[in-house]
Amino acid sequence: MLNLFKKHDYPIALDLGSSSLKMVQLGRGGGTLNLQAAAISEVPEDVRGNLKSRMKWTVHQVKSMLGFKPFRGRKFVTCLPSSELLIQHLRMPKMKPEQLSKALAVEAQEKLPSEMAGATLRHIVAGEVYEGEECKQEIILLAASPALVQQHLYLIEQTKIEIAAISVEAQALINAFGNDETQLLIDMGHTGTKVIVSQGRQVSFCRNIDIAGVHMARPEPVGAVNEIQFSDNGDLCSVAADGEQLLSRLAGEVRGCVQYHDMVFPERPVERVVFSGGLANDTAFCQQLARKIGLPAQLGDPSGNINPATRSGKHSDLEPSGSNAQWAVALGLAQL
């Protein structure tokens, strides 16, 4: 007989963001998904540009947060930051998984820049596509430099944590928001924007865009709403001239992503946009971006499936109300 009331703690999710460090642990009990603990620490400005100082600060914060909040165990799930991964879409003939891995290693030697020599490679099979009458596979190749992998190994060694899994931010975001629709997930962080298309729980497109909150002259927020409505009556807020140019550029880049995806997978076109990340809390900005993209859009709430009674309290740094859109990667990792 299935025991619905048996308690189960998930591994601790560690999100090493560019401007903040987040840790989240979920637990299942009484048939519901509960928040065991959630902690956030902003990265000081004076350590953001210094790798040695950043790693020392991170090790200290992980240890401190483990003691400050009621996290259980030392098993962690983490991910390599998308902003530091090289991502390429490739078209490969259909073959067995082990053959595909070998073929991609050869392909990577030709396509990756010299500074990525010795990179750790991972790939996602996005789906099957046809070139003429030949069936091929759309592959998303992810390459992590040796230096990036070494940083993670150093963190594991210094904090004495146990890594249960290392994922990628794209999969974490799909865990947070995935449903049966074909969705365009736009995660707007401090130093970059991640664009992912999900078909259910499957990653079918992934790209990084080097436009983010740190570059944008942001408008004043107009309040939090869940469904974003936009009209044809003009801009919904004023944006500085340089901010308007960046907004238009970002919208153009995103439309290009949608066009590529819908050309490759015409049977599953993008139906909706979901915004997440720190900049997603700026509703006016998202309204303008959604209007320029031309698709129905909403502000994502990655905490929506967690028992509301457990989201706030001394154990949690989540906002009691609001979408907590900046927690999307951490909460998605916590559900791996």
Quiz item: Charged N to carboxylate O under 4.0 angstrom, R255 versus D262?
Solution: no
Quiz prompt | K75 atom NZ, over 12 foreign heavy atoms within 6.0 Å | solution = no
Practice problem: Taking atom CD of E134 as the centre, report whether more than 12 heavy atoms of other residues, nucleotides or ligands fall under 6.0 Å from it. | Solution: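 Enclosed.
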Could you go through residues 324-336 and list every donor-acceptor pair under 3.5 Å that involves a side-chain atom there, pairing it with any protein atom two or more places apart or in another chain?
unit_1	atom_1	unit_2	atom_2	d
N324	OD1	E319	N	2.9
N324	ND2	E319	O	3.2
Q326	OE1	N281	ND2	3.0
Q335	OE1	N305	ND2	3.1
Q335	NE2	L331	O	3.1

By side-chain hydrogen bond (donor to acceptor under 3.5 Å, both in side chains), which residues pair with [X], not counting sequence neighbours?
X: R91; answer: E131, E138
X: T58; answer: none
X: S20; answer: K22

Side chain to side chain, [X] and [Y], heavy atoms closer than 4.5 Å:
X: M188; Y: L289; result: yes
X: L184; Y: V195; result: yes
X: S18; Y: R48; result: no
X: N175; Y: L173; result: no
X: L247; Y: K292; result: yes
X: L155; Y: T159; result: yes
X: L66; Y: F76; result: yes

Quiz prompt | Smallest separation among heavy atoms of V77 and P11, with atom names | solution =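 Closest heavy-atom pair between V77 and P11: CG1-CB, 3.9 Å.
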Quiz item: Which heavy atom of V203 sits nearest a heavy atom of Q171, and at what distance?
Solution: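 Heavy atoms only, the tightest pair is CG2-OE1, 3.8 Å.
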Would you give me the side-chain donor-acceptor pairs under 3.5 Å for residues 119-130, sequence neighbours excluded?
unit_1	atom_1	unit_2	atom_2	d
E128	OE2	K94	NZ	2.7

Practice problem: With sequence neighbours excluded, tell me which residues meet side-chain contact (heavy atoms from CB on, under 4.5 Å) with H152. | Solution: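 With sequence neighbours excluded, H152 shows a side-chain contact (heavy atoms from CB on, under 4.5 Å) to L16, T78, L80, P81, given in chain and number order.
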According to the salt bridge (charged side-chain N to carboxylate O under 4.0 Å, His left out) rule, which pairs have a member within [range], sequence neighbours left out?
range: residues 168-192; answer: E169-K194, E181-R272, D187-K194
range: residues 199-208; answer: R207-E253
range: residues 149-168; answer: none

Quiz item: Would H60 and Q158 count as having a side-chain donor-acceptor pair, cut-off 3.5 Å?
Solution: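 Per modelled atom types, H60 and Q158 side chains form no pair under 3.5 Å.
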Self-check item: Polar side chain donor-acceptor pair, Q61 to S41, under 3.5 angstrom
Solution: yes
Return all side-chain donor-acceptor pairs below 3.5 angstrom for residues 98-117, not counting sequence neighbours, or 'none' if the list is empty.
unit_1	atom_1	unit_2	atom_2	d
Q99	OE1	K96	N	3.2
S101	OG	P97	O	3.3

Exercise. Supply the atom-to-atom distance L26 CG to N34 CG, rounded to the nearest 0.5 angstrom.
Key: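 The CG atom of L26 sits 8.5 Å away from the CG atom of N34.
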Quiz item: Parallel, tilted or perpendicular: which describes the rings of F205 and Y260, with under 30° parallel and over 60° perpendicular?
Solution: tilted
Side-chain atoms of residues 140-149: list all donor-acceptor pairs with protein atoms under 3.5 Å, sequence neighbours left out, distances to 0.1 Å.
unit_1	atom_1	unit_2	atom_2	d
S145	OG	L148	N	3.2

Quiz item: Mind checking what makes ring pair (Phe, Tyr, Trp, His ring centres under 6.0 Å) contact with F71, not counting sequence neighbours?
Solution: none
